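This report concerns only the one structure given below.
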Amino acid sequence: MVKFRGATPNDVPALVELVQRAYRGDSSREGWTTEADLLEGQRADPEMVAEAIATGFVLVAEDERGVVGCCQLERRDGYVYFGMFAVDPRQQGNGLGRAVLEEAERRSRDEWGAGELRMTVIVQRDDLIAWYVRRGFARTGELSPFPYGDERFGRPLRDDLRFETLTKKLG
């Protein structure tokens, strides 16, 4: 049974490990959200995760094994930014990601009164973008550059990475 709660500073190591395992390196290949063919190195570090907890809200999904999913929610002017979404690669494909997303939407709408969720996704992640579109997100065509040279976000394996903003109306 998965339970949801807000992250605390004590969760930082588990969250960093989860995000890394979900997106980078060989362990990420156990699931379908891997970015290992696009980027290597870190996806998040303890300072980034601690800041997300301190300045916003990090939703944690846990079961009897511990932390199995998470996402960052940050209130902004008129919307909530959704980021740092990760699900244990061994748990992907069983509905856990959908449950985390739905809880993030519920909290954003019901507790914060937000009318919209926004996120950015690497444009080369067609499978991931399609998953979000199936869950009601819309592609905006609004592109932003990848932070080349800032290894806190990884080391790109190609030179054409960009982000696209996706939005979802909450109601």
Side-chain angles (χ1 to χ4, degrees), residues 1-23 28 30-35 43-123 125-142 144 153 163-171:
M1 177 80 162
V2 173
K3 295 182 180 176
F4 295 104
R5 63 175 176 81
T8 70
N10 291 338
D11 292 312
V12 169
L15 292 170
V16 169
E17 195 271 332
L18 171 67
V19 171
Q20 189 70 18
R21 198 163 19 97
Y23 289 98
S28 71
E30 292 181 52
W32 66 274
T33 62
T34 184
E35 296 173 345
R43 177 64 149 64
D45 62 30
E47 293 76 25
M48 294 164 71
V49 174
E51 182 179 343
I53 292 170
T55 62
F57 180 81
V58 175
L59 179 67
V60 172
E62 61 186 354
D63 65 14
E64 64 279 354
R65 293 166 296 205
V67 175
V68 292
C70 69
C71 69
Q72 170 192 8
L73 299 172
E74 183 181 315
R75 285 190 244 199
R76 297 196 179 165
D77 190 27
Y79 67 94
V80 171
Y81 178 79
F82 175 82
M84 202 172 68
F85 183 31
V87 172
D88 184 319
R90 297 166 296 200
Q91 299 291 316
Q92 292 176 15
N94 70 3
L96 178 58
R98 182 181 306 184
V100 173
L101 177 59
E102 288 173 353
E103 179 65 11
E105 291 173 3
R106 185 198 67 75
R107 286 178 185 251
S108 297
R109 180 188 59 246
D110 298 348
E111 296 179 17
W112 294 349
E116 183 179 52
L117 216 56
R118 291 186 194 174
M119 71 174 79
T120 58
V121 180
I122 295 173
V123 297
R125 297 297 318 278
D126 293 326
D127 53 346
L128 188 57
I129 290 171
W131 188 86
Y132 286 122
V133 168
R134 288 192 303 274
R135 271 138 203 90
F137 282 84
R139 298 183 78 163
T140 65
E142 178 185 320
S144 56
F153 301 101
F163 293 105
E164 181 175 358
T165 299
L166 305 180
T167 64
K168 181 175 184 177
K169 298 294 182 197
L170 304 175

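Owing to the predicted nature of the structure, the values given are computational and were not obtained by experimental measurement.
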Flag the pair [X] / [Y] as yes when at least one side-chain heavy-atom distance between them is below 4.5 Å, and no otherwise.
{"X": "Val2", "Y": "Leu96", "value": "yes"}
{"X": "Arg90", "Y": "Arg21", "value": "yes"}
{"X": "Thr33", "Y": "Val87", "value": "no"}
{"X": "Thr167", "Y": "Arg118", "value": "yes"}
{"X": "Val67", "Y": "Leu15", "value": "yes"}
{"X": "Leu101", "Y": "Leu117", "value": "yes"}

[atom2] on [Y] to [atom1] on [X], rounded to 0.5 Å:
{"X": "Tyr81", "Y": "Leu73", "atom1": "OH", "atom2": "CG", "result": "11.0 Å"}
{"X": "Glu74", "Y": "Trp112", "atom1": "CD", "atom2": "CH2", "result": "9.0 Å"}
{"X": "Asp45", "Y": "Gln20", "atom1": "CG", "atom2": "CD", "result": "10.0 Å"}
{"X": "Arg65", "Y": "Gln91", "atom1": "CZ", "atom2": "CD", "result": "4.0 Å"}
{"X": "Leu170", "Y": "Tyr79", "atom1": "CG", "atom2": "OH", "result": "13.0 Å"}
{"X": "Ile53", "Y": "Met48", "atom1": "CD1", "atom2": "CE", "result": "12.5 Å"}

Set out, in order, the CA-CA distance, both residues' side-chain angles and the distance that settles side-chain contact (heavy atoms from CB on, under 4.5 Å) for Glu62 and Asp11, then state yes or no.
CA-CA 11 Å; Glu62 61 186 354; Asp11 292 312; 5.6 Å; no

Please find the pair of heavy atoms, one from [X] and one from [Y], that lie closest to each other, and give the distance.
{"X": "Met84", "Y": "Ala52", "result": "CE-CB, 4.5 Å"}
{"X": "Gly141", "Y": "Glu164", "result": "N-OE2, 2.8 Å"}
{"X": "Ile129", "Y": "Val121", "result": "CG1-CG1, 3.6 Å"}
{"X": "Val19", "Y": "Ala44", "result": "CG1-CB, 4.0 Å"}
{"X": "Tyr23", "Y": "Ala86", "result": "CE1-CB, 4.0 Å"}
{"X": "Ala104", "Y": "Cys71", "result": "CB-SG, 3.8 Å"}

Those residues at least two apart in sequence (or on a different chain) that pass ring-ring contact (aromatic ring centres under 6.0 Å, His included) with Phe57 are none

Between Glu102 and Arg106, does any NZ, NE, NH1 or NH2 come within less than 4.0 Å of an OD or OE carboxylate oxygen?
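Salt bridge flag = no for Glu102 with Arg106.
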
Any side-chain to backbone donor/acceptor pair from Ser108 onto Ala114? Under 3.5 Å, distance only.
no

Determine the interplanar angle of the Tyr132 and Phe137 rings, folded into 0 to 90°, and report it as parallel if under 30°, tilted if 30 to 60°, perpendicular if over 60°.
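Perpendicular, since the angle between the ring planes exceeds 60°.
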
Trp32 and Trp131 aromatic ring geometry - parallel, tilted or perpendicular at 30°/60° bounds:
tilted

Got a sec, which residues hit side chain to side chain donor-acceptor pair (under 3.5 Å) with Ser28, two or more places apart in sequence or on another chain?
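Counting only residues at least two positions away or on another chain, Ser28 forms a side chain to side chain donor-acceptor pair (under 3.5 Å) with Thr34.
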
For Arg5, is the CZ atom crowded, meaning more than 12 foreign heavy atoms sit under 6.0 Å from it?
yes

Which residues pass the salt bridge (charged side-chain N to carboxylate O under 4.0 Å, His left out) test with Glu105, not counting sequence neighbours?
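Glu105 satisfies salt bridge (charged side-chain N to carboxylate O under 4.0 Å, His left out) with Lys168 once adjacent residues are dropped.
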
